[in-house]
Amino acid sequence: MDETILDPDGARERLTAWKGRIDKLAADTQTMSARLQEVRVTVADPGGLVEVTIDSTGALVDLTLTNRMESTKPDVVSRTIMETLAEARNQLADLSQEIIAETVGTESSAARAIAESVGKHLRSEPSEDAATDSGPDGDDDYESRSFLKKG
């Protein structure tokens, strides 16, 4: 039989240490939550057409359109807004995962699950029908170009 089970002082010490770890995890989790709730991300498209700001949930809280919009086709404006919003959400996912790692770490399965959930909720893949790099006549005009296309 294991003598440590019958040792009241040893059991008390183990319980005290366990409670200390639980208290620290609770405090770290509260810090993580507070920091995550404060996050806002602002991203402008490289062409200077739009700027979006999202909150900690990825919801759009501000949209700024420049006067370049007036000379740009509506479908390009809408696509640029959506691509800029997707980029902002990807940046938010990165930032959120950094906050999670800094506050609760990455060792626990709970922290890894939270980080994975944040990534799945916010991240988006580039769309397959993104605008091409140049117009049909080879011009690099703003109206037919996506400035967020990775390449």
Side-chain angles (χ1 to χ4, degrees), residues 1-69 72 74-134 142 144-151:
M1 183 172 227
D2 189 359
E3 290 182 30
T4 59
I5 293 176
L6 301 177
D7 175 22
D9 291 331
R12 204 170 289 119
E13 287 174 16
R14 286 189 300 280
L15 283 174
T16 301
W18 178 77
K19 183 181 181 318
R21 287 190 305 272
I22 295 299
D23 290 345
K24 181 179 181 339
L25 178 60
D28 291 346
T29 302
Q30 286 180 334
T31 299
M32 175 194 69
S33 178
R35 285 184 60 193
L36 287 173
Q37 287 178 4
E38 294 172 1
V39 173
R40 284 190 174 218
V41 173
T42 299
V43 174
D45 77 288
L49 181 65
V50 304
E51 180 180 272
V52 299
T53 299
I54 58 173
D55 67 11
S56 61
T57 66
L60 183 65
V61 294
D62 191 32
L63 171 64
T64 303
L65 302 171
T66 67
N67 59 358
R68 295 189 75 174
M69 179 189 86
T72 307
D75 65 319
V76 173
V77 173
S78 64
R79 185 172 49 248
T80 303
I81 291 169
M82 295 307 293
E83 290 173 355
T84 306
L85 183 58
E87 177 59 26
R89 287 182 175 151
N90 287 337
Q91 287 183 24
L92 175 61
D94 292 342
L95 182 57
S96 296
Q97 289 175 330
E98 287 174 23
I99 290 170
I100 292 165
E102 290 170 5
T103 54
V104 295
T106 57
E107 294 79 34
S108 76
S109 58
R112 286 190 302 272
I114 292 167
E116 183 178 325
S117 175
V118 166
K120 284 182 181 178
H121 174 73
L122 294 172
R123 289 201 193 282
S124 63
E125 297 297 320
S127 66
E128 294 296 320
D129 61 340
T132 59
D133 289 336
S134 62
Y142 187 85
S144 64
R145 221 177 1 157
S146 169
F147 287 94
L148 294 178
K149 185 174 181 186
K150 296 183 181 185

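Bear in mind the structure is a predicted one, so any value in this text is a computation, not a measurement.
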Taking atom [atom1] of [X] and atom [atom2] of [Y], what is their separation to the nearest 0.5 Å?
X	Y	atom1	atom2	value
T72	M69	OG1	CE	8.5 Å
L122	N90	CG	CG	8.5 Å
E51	D62	CD	CG	7.0 Å
T80	L85	OG1	CG	12.0 Å
T29	I22	OG1	CD1	9.5 Å

What are the two closest non-hydrogen atoms of [X] and [Y], and how far apart are they?
X	Y	value
A44	T84	C-CG2, 4.2 Å
G119	A93	CA-CB, 4.4 Å
A111	G105	CB-O, 3.1 Å
I114	M32	CD1-CE, 4.1 Å
S56	L36	CB-O, 2.8 Å
S96	V118	CB-CG1, 3.6 Å

Hey, does the side chain of T31 reach the backbone of T103 with a donor-acceptor pair shorter than 3.5 angstrom? no
Examine distances only and state if a side-chain atom of T64 and a backbone atom of V50 form a donor-acceptor pair shorter than 3.5 Å. no
Stepwise salt bridge (Lys or Arg N to Asp or Glu O under 4.0 Å) check, R112 with E116: CA-CA 6 Å; R112 286 190 302 272; E116 183 178 325; over 6 Å; no
Output every pair passing salt bridge (charged side-chain N to carboxylate O under 4.0 Å, His left out) with a member in residues 96-110, not counting sequence neighbours, ordered by first then second residue.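 For residues 96-110, and leaving out neighbouring residues, the salt bridge (charged side-chain N to carboxylate O under 4.0 Å, His left out) pairs sorted by first residue read R35-E102.
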Which salt bridge (charged side-chain N to carboxylate O under 4.0 Å, His left out) pairs, counting each pair once, include a residue from residues 19-31, with sequence neighbours left out?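 For residues 19-31: K19-D23, K24-D28.
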Member of T42, L92, V61, L63 meeting the side-chain contact (heavy atoms from CB on, under 4.5 Å) criterion with I54: L92
Please step through salt bridge (Lys or Arg N to Asp or Glu O under 4.0 Å) for the pair D94 and R123, ending with a clear verdict. CA-CA 9 Å; D94 292 342; R123 289 201 193 282; 2.4 Å; yes
